[in-house]
Amino acid sequence: MIRPRDVVPGVALFPVRTPTLPPATHTNTFALLGDEVILVEPATPYDDERAAWLEWAQSIDRPIGGVLVTHHHVDHASAAAFFARALSVPLLGHALTFEQIKTEGAELREVHEGDRLGSWEVLHTPGHAAGHICLFDRQRRTLIAGDMVANGSTIIIPPEDGGDMAAYLEQLRRLDDLQSTTVLPAHGEPIDDPAALFGYYIKHRLMREEKVLRAWESQRAKLGRAPTAAEIVPLAYEDTPVHLWPIARSATEAHLIKLRDEGRISAG
Ligand SMILES: [Zn+2]
């Protein structure tokens, strides 16, 4: 793995090893090289990776404006306060993210929808996590996507941890409408055909939602009561390996909440 490397003009990539969801093994951290550098995804909990990351960050020959966390998950935020303290720079993130991560000793700077960080605009994109943010450079049409999409791994929507399927789909459509030319996900290689990827993500989720709905209806008829997510998964995810069913159950819960809110299934 060659790191760091430039992925698009003005953006350097430094992947770090993290305890993330397999098959992914690393989280992409980015240096946004404006007049002030923003370091995105202070991710790794491992000492050797933290040391390598810090050496990289300290080698950047420009002032550092802060480290920014896209959302609260451990494979994104677990060095947030550590790196901010080590570099003596503020930690940037959404207020809902700061509520859920360790921030001791770090100077916190909340960012909100529409804020500007140099050439980058902050987008609040809930769905995967309530405080999730993306960054978009309108001129270069480049999107830092966090965990809204990934290249080669799955995005979880855990309702028990702030996941919201309706919000996620709405935000995917919004990101698609940006007509980015490059999307930089937190996991996997840069995405060169964002329209195809967003289109696939939206279609795939809606296809799964239809399967969840059909499974709910058939189990409802069979059991004489509203089925649980666990009773739906074997039907709606029959094409998915069994070891992924715990993730599927969480996604099914998220679909059921959306379907209930839309009045497409009943509570009982
Ligand atoms: Zn995440």
Side-chain angles (χ1 to χ4, degrees), residues 13-30 38-46 49 53 67-83 91-103 110-111 113 122-136 143-172 174-175 183-191 194 197-198 200-202 204-205 208 244 246-255 257-258:
L13 163 64
F14 192 93
V16 289
R17 187 165 46 84
T18 56
T20 186
L21 191 65
T25 55
H26 286 66
T27 301
N28 292 331
T29 70
F30 298 103
I38 303 293
L39 297 161
V40 182
E41 309 288 27
T44 184
Y46 306 123
E49 289 289 277
W53 192 98
V67 296
L68 179 143
V69 57
T70 59
H71 64 294
H72 71 281
H73 290 158
V74 65
D75 56 326
H76 294 255
S78 56
F82 176 83
F83 286 149
L91 176 60
L92 314 180
H94 195 277
L96 293 171
T97 298
F98 288 157
E99 285 175 11
Q100 299 193 68
I101 64 173
K102 291 193 180 123
T103 59
E110 287 180 18
V111 295
E113 170 71 32
V122 175
L123 312 175
H124 179 214
T125 55
H128 171 69
H132 195 288
I133 54 175
C134 295
L135 297 175
F136 184 54
L143 178 74
I144 306 282
D147 267 356
M148 289 301 287
V149 291
N151 198 348
S153 54
T154 310
I155 298 299
I156 57 165
I157 308 295
E160 69 282 3
D161 186 27
D164 181 326
M165 190 63 78
Y168 179 64
L169 278 163
E170 186 185 326
Q171 293 301 326
L172 281 181
R174 176 192 183 201
L175 295 180
V183 168
L184 302 173
H187 306 290
E189 286 295 302
I191 294 154
L197 184 84
F198 286 121
Y200 169 78
Y201 264 64
I202 293 164
H204 177 75
R205 291 286 178 181
R208 191 65 71 186
L244 295 175
I247 293 170
R249 190 162 67 222
S250 173
T252 297
E253 293 281 9
H255 281 298
I257 291 166
K258 178 173 179 288

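Note that the structure is predicted; figures quoted are calculated from it, not measured. All values below were derived from every heavy atom in this structure, side-chain atoms included, with hydrogens, water molecules and symmetry-related copies excluded. Whatever order the structure lists ligands and atoms in, that order sets their numbers, starting from 1.
The two residues Thr44 and Thr18 have their closest heavy-atom pair at CA-CG2, 4.0 Å.
Panel note: side chain Thr103, backbone Phe98; no donor-acceptor pair is recorded below 3.5 Å.
Using a cut-off of 2.8 Å, one finds that Asp147 contributes an N/O/S atom close to the Zn ion (ligand 1). For the Zn ion (ligand 1), the N/O/S atoms of His73 include one lying under 2.8 Å.
Ring-centre distance between His76 and His187: below the 6.0 Å cut-off.
The NE2 atom of His128, the Zn ion (ligand 1) and the NE2 atom of His71 define an angle of 100° (nearest 10 degrees).
Considering Gln171, His94, His132, His71 in turn, His132 is the only one that fulfils the side chain to side chain donor-acceptor pair (under 3.5 Å) rule with Thr125.
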